[in-house]
Amino acid sequence: MSTPTGNERFDPSTTLWRDGRPVYDRRDTVCVVGAGASGLAAVKNLREHGFGVDCYERETSVGGAWNWRHDRSPVYASTHLISSKPFTQFPDFPMPDTWPDYPHHSQLLSYLERYAAHFDLLPHVWFGTEVVKIEPADDTSWDVTTRSSGGYGSERTHRYLAVVIANGHNWQPKVPTFEGLDEFRGQTMHASSYKDPKELRGRRVLVVGGGNTGCDIAVEAATAATQTWHSTRRGYWYLPKYLLGRPTDQVNDRMQAARLPLGMRQWLAARTLRLTVGDQSRFGLPKPDHKVFETHPIANSQLIYHLGHGTITPVPDVRRFHRSSVELTDGRHVEADVVVFATGYLPRFEFLAPEILGADEHGRPTLYLHAFPREHPTLAVAGLLQPDSGLFPLVHWQTVLIARWLRLRDRDLQRAAAFWSRASADVGKRWNRARVKDSTRHWFEVNHVDYLRELQRALDELSPATATTARSAR
Amino acid sequence: MTSVRIMRTRDWADPVPPARRELLTATPEIADEGKPPVLFVPGFGHGAWAYAEHWLEHAAARGFAAHAVSPRGHGASAPAPKATLRAYAHDVVQEAARLPRQAVLVGHGAGALVVAHALARYPAKAGVLAAPVFGGWGTLGLALRRNLFGTLPAAFGGRLRLGRRQLFGRELPDAQARGYAKRVGHASAKAQWELLRARPPEHPVGDPPVLVVGTPDDRVVPRTALDKVARRYGGAPLLFPGMGHDLMLDARWQEPIDAILDWLEKDGN
Ligand SMILES: Cc1cc2nc3c(=O)[nH]c(=O)nc-3n(C[C@H](O)[C@H](O)[C@H](O)COP(=O)(O)OP(=O)(O)OC[C@H]3O[C@@H](n4cnc5c(N)ncnc54)[C@H](O)[C@@H]3O)c2cc1C
Ligand SMILES: NC(=O)c1ccc[n+]([C@@H]2O[C@H](COP(=O)([O-])OP(=O)(O)OC[C@H]3O[C@@H](n4cnc5c(N)ncnc54)[C@H](OP(=O)(O)O)[C@@H]3O)[C@@H](O)[C@H]2O)c1
């Protein structure tokens, strides 16, 4: 492809200097990192609020995780959504009526491509350009250093009014370490590199991890492999994709709309599952060590089906590896040819000094609404959310909030200061009424209703109309 | 840029069911990338056909990709006797989002109210409200005075019949007026009732420019109502005296559409 890299196209009229390097001034422009769902929403909503935008994308096309052509894409051939359409589409750009409740990943990619074309976002995206460093400049602006993804060409630095990081959190595999893994003679892989059930055909497969990926792959193995074990380190609530004749998330939202208290919803959900799915321990699964909604929801109707047909054998956590077998915590050995680690992904912000996002001792950012760092009002993260629903509506309103916030900052410093001091008090707050299980993956788990209500409150505070009424009421 | 409502539990928990929709299209001979696609939305009882008579081809001749949708229960779309305003707005947003680029929404009559609701859900390039019927009991009062027997049943959930003299000016030949009036059907009883209750549309998303056009001689929409709608969107109506309510079918249909397209070329972009 002959797309110019981001670095070649600007007229470097104003050149500043930083540590002896030239810095090209893009001062009124906002930089967006990534052109996945979150980055595209950021570009659109910033443009809609009148900002110039430069978006950098290290791949050569849009779509992020949903673009299976990208090496780092975590999707596999059979991936279908787990959140039904109304929860997955952007609120201002619905998916076609003719699509099913749970579209296929290729439909998601075409949806994102159409979104980018419809709102004319592509002229603002610079493909094949990786952001390697983001540093605060002397005032509140940012110096962003990029280089072409191939690694050739030199680095270039531009100065931006603000930066929105939308780099996604499902591409850096979280690979567990086990004793004896080196001597194991079977094949091991992380789910991120698993693409097709062909890879499992005729083999004995152990899938580790009970997130949505682990459950999906176990189901694929059930029909392709000669034997499938599914190892989980706790019991989970396996929600079917349909409940009472409707997509499960839609049924759940009816309950939330009725403002039933959490305890009641948990009871009702557990009851409904009991009546429809039945007693999970009958299938050899451990009892969940938590209530419904306290771990990231699993939506999978087929897992229980295969457990019931004996085509998947549930097993406990892995203790260690041997030369030709895997030892489980109950002492059993399974002789697997392939082990797939569906153990999740790690958020990564390698281009940024960790303290900028207020990283804690585990390196997890501490932000307001999982988006705004306390000390840096012109930096925001979009899409760093693990919602119990689809991501797109949340990230849409999150990026609208970011755009409004940046607008308010240049129009009304006084109100901006008031908002910021209020928001600072909520830095690090979790937006989930349920007591989510303490696990490596749950620190940014949000309940979509709790989260959107807080977004609504923040948007109301930033809207000029509220400002006038508030003023005239004084 | 006022605040927005982001909690849409109803749309999440109980989405509008799909329905087959009619979409008529006129494509310009020379595609002009600078001109946004235009999506026309007919008023209650009308279908996409009302635009296919003149406006679609005219807009295409001036370089705009032009489309007209029949909301469910209208024109050749699937029957929908229980449809709500929400379902009509859904149909419009669905068609708008299917277009390759950000579209201009043009609504006529109660279709303008449908467009106003759609503008709150889809960031249109621009909005045009032609002879807008935003409803309320005033609308009913006027309709009763003008056409008692056509209107009365509608007040009780029956069918609303607009007379041809309400819809067209005197210049339109009688036979033609009769022909059009015969094609006019009616919206669902529920939607008619919602029109009377007149839930005001939410603020448009993305702050599009909005133009209101109408005629002071409209026998469905009084001048005061035109002004009121225009004020809502921060402007004054563009007026075409001597025409009837159905601006796109009346004898002088070309004047308003030219004015709309001129405005799109100037301000709507
Ligand atoms: C198997 C699977 C299924 C899923 N199913 C659902 C579902 O059903 N519903 C749902 O809502 N969500 C689902 N998700 C979550 C999914 O991650 C989100 O829907 C969405 O793709 C996140 O978009 P994003 O833009 O935040 O991140 P990404 O899609 O990961 O995009 C980030 C982009 O940033 C680019 N980038 C990263 N670093 C740099 C850099 N330094 N410089 C330049 N560019 C950079 C990347 O190349 C990428 O294109 C699923 C995830 C997985 C793994
Ligand atoms: N079809 C779909 O749409 C679909 C498919 C796949 C994924 N997704 C989404 O993509 C995201 C990532 O999902 P994911 O399933 O890949 O990851 P995930 O949700 O982080 O799940 C990881 C699983 O591995 C377990 N685990 C983690 N480390 C482990 C270790 N060291 N040893 C043993 N087990 C370990 C976790 O257990 P704990 O319970 O203890 O944390 C959890 O069961 C989620 O948002 C998910 O909803 C969607």
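When reading the values below, keep in mind they use all heavy atoms of this one structure, side chains included, and skip hydrogens, waters and symmetry mates. Throughout, protein chains are lettered first and strands after them, A, B, ... in sequence-line order, and every chain is numbered starting at 1.
Proximity to chain B is limited to the side chain of A:K44, based on heavy atoms less than 4.5 angstrom apart. Residue contact with chain B, scored on non-hydrogen atoms closer than 4.5 Å, involves the side chain of A:R246 exclusively. Neither the backbone nor the side chain of A:M255 comes within less than 4.5 Å of any heavy atom of chain B. No part of A:V251 comes within reach of chain B, as not one of its non-hydrogen atoms sits under 4.5 angstrom from that chain.
Between atom CG of residue B:D91 and atom CG of residue A:D97 there is a gap of 7.0 Å, rounded to the nearest 0.5 Å. B:I6 contributes atom CD1, which lies 8.0 Å from atom CG of A:D460 (distance to the nearest 0.5 angstrom). Taking OG1 of A:T98 as the start and CZ of B:R21 as the end, the distance is 8.5 Å to the nearest 0.5 Å. Between the CG atom of B:D207 and the CD atom of A:E48 there is a distance of 8.5 Å, given to the nearest 0.5 Å. Put simply, CZ on A:F93 and CZ on B:R98 are 11.5 Å apart, with the number rounded to the nearest 0.5 Å.
Using a 30° and 60° split on the angle between ring planes, B:W12 and A:H448 fall in the perpendicular class, above 60°.
Between chain A and the residues B:A19, B:G206, B:P17, B:P100, the most heavy-atom pairs under 4.5 angstrom are made by B:P100. Counting heavy-atom pairs closer than 4.5 Å to chain A, the top-ranked of the candidates B:R20, B:R10, B:R101, B:E95 is B:R101.
Closest non-hydrogen pair, B:M7 versus A:R453, comes out as SD-N, 3.9 Å.
Within the 3.5 Å criterion, the main-chain N or O of B:D11 finds no donor-acceptor partner in the side chain of A:Q250. Remark: side-chain polar atoms of B:R121 are not paired, donor with acceptor, to backbone N or O of A:P94 under 3.5 angstrom.
The side-chain heavy atoms of A:R254 and B:D14, taken from C-beta on, include a pair separated by under 4.5 Å.
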